[in-house]
Every structure is written in C-alpha cells, then in structure tokens.
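Below you'll find the structure, written out as structure tokens, and then a few comments.
Values below: every heavy atom of this structure, side chains too, minus hydrogens, waters and symmetry copies. Not measured: the values here are computed from a predicted model.
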Amino acid sequence: MKKIQLKPGVHLVVMPTKQFKTLNIAVDFAAPLLASTTSARALLTYLTAVSARKYPNQQAVAQKTIDLYGAQYQTDVTRFGQTHHIRYQLQMPAPIYLNSADAGYHLLTDAFDFMRDMIFEPLVTDKAFNQSVFLQEQQSLINEIDGLIDDKKRYAALKLRELTYSLPAMQRPTLGTVEDVKALTPASVYSAYQSMVTSDEINIIVFGDVSETDILPLLDKWPLHSRTQQPLQPFYRQGLRPVTVEITETQANLTQAVLMLAYQLSLAPDDPQRFTAVILNALFGGSPLSKLFANVREKSSLAYTIYSRWQHDTGFLTVAAGLASDKVELADHMIQAELQAIKQGNIKREILEAIKTSVVNDYLSQQDSPNSEMTLAFSRLLTRRETPTNEWVNAIMAVSVEDVAQLAQAVVLQTRFTLLPEAVE
C-alpha cells in the first residue's frame, strides 16, 4: 500500500482496481480520544451529513447525490483504541463506465468538489453552525443515544464498557452522552470543527479504477494544510484488576436477561500471538463452530444468543449472551467451564482446523467488499503496520492446539454485568 504525503499530517492512498464498477472516496479525521470532545465530534457528523454552505439542507444534499448518478454520501463516527475518528464517504458509479472520457472526468471532478464542499465549507454564520439545522440534528443525536439505551443488548454492552475501562474516555459511548449533547451550542461545535480540520490527522483513500495522476490535481483544490503530528495511540492497555467487578441491574418490560462478561487478553500490538488470539476467540465464542455456540446454546439450550469478541485495540475479550433469567447462573458457570476446557487443551484438532479455514476464508472475502478493503487500509494507516495477506494466512494456519491452550492461560475475567427482568409480584 503506497502512502503519499500531501502535507505533514495529511496522506493519500489510491487503491486502483478494476474489480468493481464503483468508485469509493473516504476521508478520515483522527484525533486523540477525549471524554470532553466525544459528543461534539459526534454531532459534527450529523451536521455535515445534511448541510453545507452550498447545500443548505438535506434536500439539496440529496439532489446533488442524484446528480452524481445516484451516489451515496454518508458520515460516520468511530473509535479505535484511544483514537476518535470522523469519516466521510462517497460511493458512486466509476467514471470510466460513462459514455465518454469527458463525462467521466467531469463526474470525478464534481464528486471531489462535492466532498470538499461538504467537509470544508459547512453551513456557518459568525463562527457558529446554522441554528435551525443545529437544533434539528442535536435532537437526532439525542434520539440515537436514547435508542441505544432502549436496545437492551446495546445498553448492557455500554454498561459493561463503563465497568471495564479505567480511563474515562474509554468508558464513554462513541456518540457521547445525552447530557453532554444537550450542553452543546452551535458555537462550541464549530470550535470542535475548527480543531478537526486544522489539527486532526487526515487520511484520504480512493478505491476504484483510477490512478494517482487522476486524483492529485483534484485534491489541490482542497484546503489541506500542514498540521503538527498528534501522538495518536491506537492501542489501549490497562492493568489487571485483582478481583472481578460485578453489577446486576433489573428493569421492567424485559422479556429476557442479558449477561455480559469482559476478560482481559492483553497482548503487545506486534505480539505474534495476536494470530493465536484470533483463533482462540473463534474457538471460544466467535464462530458457529465455537464451544459457546455448540455447547451452551445448541447442546444445553442455555442461551438464545451467545458470542465472543476479541478487540486487539483494547486488549479485552467480551462475551454477550441473551437468555432466560432463570438460566443466567448455570450459563455463566458453563461459559467459565468452556474457557477452562480450552486452557486444559480440550480442543478437537479437526474443529480447530475447520475454524482456521473459516477464519481465513472470512478474511479473504474482505477483498470482495470495497468497504472492508478501505477499513483495513485505514487500520493499517493508523497502526502503521501492514501484514501481507500471505503472511497473515500462514500465521493463522500455523496456530496449534498447544498455542491456543497456552494463550488461554492469560485470559482473566475482569467484569460481569447482568441485566435481569424486574420480578413480577
């Protein structure tokens, strides 16, 4: 992957391919994850999704995407470790498939001009976002956060996050909190916007049937200025707690319980055991062949849904289960027993081989999705680590039963959150 430095702190990656009939443009703004800025940055993605100086309302934005042959424009907010990301994406028909070279050139130029307008020319007056658009999108974000709370599985995941992480910024939801969003003003969010466009690390990825020579002149019209490199920390690690932190909460109108567990599995970012961790997670609960799915859900019928997820950026492996409230204790006990079985090497080799093959196939299938390819590219830019596909596949296929059992010794339960239906009298 070739990275072109446009300015200090601003990089371009062009990923030429003839595999798809679409062109994808994505612009990522990365900053340190701070509790004080999360909500403002989240609201920024709402405001810049529906308005700009040239396109003052959602209808004008929608009409422009129609003019771009039905392009899809969206904004998003994500995080990776201790970094916070605002991302702009445009997917459109590949210009090369238009009737003429001139038509293709004009479409490509128009698309980059549109992205420039949406990102760098917001609907602002006197250093504040437009009041009416602000109030509308502020309420939309509040509704979204409230919706997360109403979704009990996502609510339980948020509560587990609060319990698990020591750093306040890591405890916060990606979208921030209702209280913080309500406290924002058009001027305070514009201040956050100014910080983003002047200080954030910017990575631009263009994926499709184009070349660097097609793209570089178009970016000359963007106000991309040099910026001081911020010390971004894509990986988060915290010390091991001596005891498990546990909280049980009851709520009315629940039809089933939710059990959430967080285990620490902390590896150094470049530790070769990270490949073993991928297989350990898939064997534990991260695949249909996993012990949790096969034994807890299918064989013992102790859960309606159950899965595990390992996050290398945070060093935690989490388990989520939806189940009947009278089966929580038994299911919890069996989850721990299945982990202990892995630690003891009670792993069928044929199952492990099937899991490795499945993991590799899933990884290779990402090459059939522009979004997956671009997400992987952004991850490589952020972590400054790029593992060639053949090396990744070989490392996964080399994982043994003994490797998994040995690494499992390092998996330690840290937090447990249980959400139960309120008892009916």
Side-chain angles (χ1 to χ4, degrees), residues 25-31 34-79 84-92 110-151 154 172-200 202 221-225:
I25 306 165
V27 184
D28 183 88
F29 291 81
L34 301 172
S36 59
T37 61
T38 299
S39 295
R41 288 172 64 87
L43 185 51
L44 265 179
T45 66
Y46 280 66
L47 293 167
T48 53
V50 300
S51 66
R53 182 180 57 80
K54 191 172 181 179
Y55 309 101
N57 53 53
Q58 195 164 9
Q59 292 73 26
V61 174
Q63 182 57 56
K64 183 58 183 180
T65 60
I66 292 171
D67 295 342
L68 292 170
Y69 292 82
Q72 296 179 11
Y73 168 70
Q74 65 182 46
T75 63
D76 196 12
V77 57
T78 61
R79 69 165 135 213
H84 195 268
H85 301 259
I86 291 176
R87 191 168 297 172
Y88 299 87
Q89 291 183 263
L90 185 72
Q91 184 181 75
M92 54 186 274
D110 211 9
F112 272 84
D113 287 349
F114 170 70
M115 289 288 277
R116 178 200 63 206
D117 292 335
M118 296 304 298
I119 299 171
F120 297 104
E121 296 289 340
L123 188 58
V124 170
T125 303
D126 296 329
K127 298 182 180 180
F129 278 95
N130 176 273
Q131 179 76 9
S132 62
V133 176
F134 175 87
L135 292 175
Q136 173 185 307
E137 296 310 312
Q138 182 185 43
Q139 189 58 52
S140 295
L141 178 54
I142 290 171
N143 294 344
E144 177 71 14
I145 296 172
D146 283 338
L148 295 179
I149 296 173
D150 292 336
D151 184 328
R154 297 174 77 177
R172 290 292 187 96
T174 304
L175 295 177
T177 66
V178 169
E179 293 75 18
D180 286 349
V181 174
K182 286 182 176 179
L184 296 172
T185 66
S188 67
V189 177
Y190 180 69
S191 178
Y193 167 79
Q194 284 293 103
S195 178
M196 180 191 83
V197 295
T198 59
S199 302
D200 279 23
I202 303 177
K221 296 188 288 183
W222 286 26
L224 300 171
H225 305 295

Looking at R79 and P173, what are the two nearest heavy atoms and their distance? NH2-C, 3.6 Å
Using salt bridge (charged side-chain N to carboxylate O under 4.0 Å, His left out) as the criterion, point out the one residue from R53, K54, K221 that pairs with E121. R53
Within the structure provided, determine whether E179 and S39 are in side-chain contact (heavy-atom separation under 4.5 Å). no
Indicate yes or no: at least one non-hydrogen side-chain atom of L90 is less than 4.5 angstrom from one of F112. no
Distance (rounded to the nearest 0.5 Å) between D113 CG and M118 CE: 13.5 Å
Check: L43 main-chain N/O paired with E137 side-chain donor or acceptor under 3.5 Å: no
Checking side-chain contact (heavy atoms from CB on, under 4.5 Å) for the pair V197/H225: CA distance, chi angles, key distance, verdict? CA-CA 9 Å; V197 295; H225 305 295; over 6 Å; no
Check each of D76, D200, D28 against R87 using the salt bridge (charged side-chain N to carboxylate O under 4.0 Å, His left out) test, and report the only one that passes. D28
Answer yes or no: is there a side-chain heavy-atom contact under 4.5 Å between I86 and T75? no
Side chains of V50 and V61, heavy atoms from C-beta outward: is any pair under 4.5 Å? no
From CZ (F120) to CG (L224), nearest 0.5 Å: 5.0 Å
I'd like to know if the side chain of R172 reaches the main chain of T38, judged simply by a donor and an acceptor atom lying under 3.5 Å from each other, with no hydrogens or angles considered. no
Are the side chains of I145 and T177 in touch, meaning some heavy atoms are under 4.5 Å apart? no
Could you tell me the separation between the OG1 atom of T48 and the OH atom of Y73, rounded to the nearest 0.5 Å? 5.0 Å
Show the nearest heavy-atom pair for residues P122 and Y193, with the distance to one decimal. CD-OH, 3.4 Å
Could you tell me which non-hydrogen atom of S51 sits nearest to which non-hydrogen atom of P56, and how far apart they are? CB-O, 3.9 Å
Just how far is it from atom OG1 of T45 to atom OH of Y88, taken to the nearest 0.5 Å? 7.5 Å
With a cut-off of 6.0 Å (strictly less than), are more than 12 heavy atoms of other residues, nucleotides or ligands near CG of N143? yes
Evaluate the side-chain proximity of I119 to F29: yes if any heavy-atom separation is below 4.5 Å, no if none is. yes
Would you say the side-chain atoms of S188 pair up with the backbone N or O of L184, donor to acceptor, closer than 3.5 Å? no
Atom pair CD (Q139) and CZ (F134), whose distance is rounded to the nearest 0.5 Å: 11.0 Å
Please give me the minimum heavy-atom distance between V181 and I142, naming the atom from each residue. CG1-CG1, 3.7 Å
Return the minimal non-hydrogen interatomic distance between Q138 and K182, and the atom names on each side. NE2-O, 3.7 Å
Rounded at 0.5 Å granularity, tell me how far CD in E144 sits from CG in L148. 5.5 Å
Quick check: do I25 and M115 have side-chain heavy atoms less than 4.5 Å from each other? yes
Between V133 and Q136, is there a side-chain heavy-atom distance shorter than 4.5 Å? no
